[in-house]
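A short worksheet on the structure shown next.
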Amino acid sequence: INILSNRSKWTFYFLSSVQFNFTIGDSIISDKNVYRILFDAMSKPIGNRGFGYQLTKEYFDAMDLAHVSKLKLVLEKAIPGNISQKRVNDAYQKFISNDNKEAAYYSDPINPNDL
């Protein structure tokens, strides 16, 4: 269902006032989707510095990724195969090492199709 097909004020009000919380469990995460899941947990500021990417505690917690015991193991096996996956992996490594005070900026965006 395309809920944005009717672009009424009510639709935008409704979408902006609802918080979506969901949980990613061990049974869902795999080496095939780990970079897409982490990308969904990233803030993505865009500005004069380029395309920014940062894994934030707020998004990480909203997706309940801290409770996914398999996450670290999957990432150890899922070696980044392209630049988009490497950028997501770099953001994750900065996050777990507590070195994510600022987003990393690039001149070109991460391509979600490459994740």
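For the ring pair (Phe, Tyr, Trp, His ring centres under 6.0 Å) condition, the pairs that include at least one residue of residues 90-115, sequence neighbours left out, are F60-F95.
P45 and A103 make their closest contact through CG-CB, 4.1 Å (heavy atoms, listed as atom of the first residue, atom of the second, distance). The two atoms that bring V34 and A78 nearest to each other are CG1-CB, 4.0 Å, heavy atoms only. Nearest heavy atom pair, residue R36 against residue L115, reads CG-CB, 3.5 Å.
Under a 4.0 Å N-O distance rule, the pair D90/K86 qualifies as a salt bridge. A salt bridge does not link E102 to K94: none of the charged nitrogens lies less than 4.0 Å from a carboxylate oxygen. Between R87 and D114 no salt bridge is recorded (no basic side-chain N to carboxylate O distance below 4.0 Å).
Here the side chains of M42 and T56 are not in contact, with every heavy-atom distance at 4.5 Å or above. At least one side-chain heavy atom of L65 sits under 4.5 Å from a side-chain heavy atom of L38. Side chains of V88 and Y53 form no contact here, defined as non-hydrogen atoms less than 4.5 Å apart. For the pair S84 and Y35, the minimum side-chain heavy-atom distance is 4.5 Å or more.
For K44, the NZ atom sits in a packed shell: over 12 heavy atoms of surrounding residues, nucleotides or ligands are nearer than 6.0 Å. Counting non-hydrogen atoms of neighbouring residues, nucleotides and ligands closer than 6.0 angstrom, the CD atom of E58 reaches no more than 12 such neighbours.
With sequence neighbours left out, the side-chain hydrogen bond (donor to acceptor under 3.5 Å, both in side chains) criterion links D31 to no other residue.
Both F51 and F39 are assigned to one and the same hydrophobic cluster, defined by single-linkage of ILVMFWY side chains at heavy-atom distances under 4.5 Å. Linking ILVMFWY residues whenever their side-chain heavy atoms come closer than 4.5 Å, directly or via other members, places I96 and I29 in the same cluster.
How far CG of D108 is from CD1 of I83: 8.0 Å, rounded to the nearest 0.5 Å. To the nearest 0.5 Å, atoms CG (L75) and CD (Q93) are separated by 7.0 Å.
No donor-acceptor pair closer than 3.5 Å links the side chain of D61 to the backbone N or O of D64.
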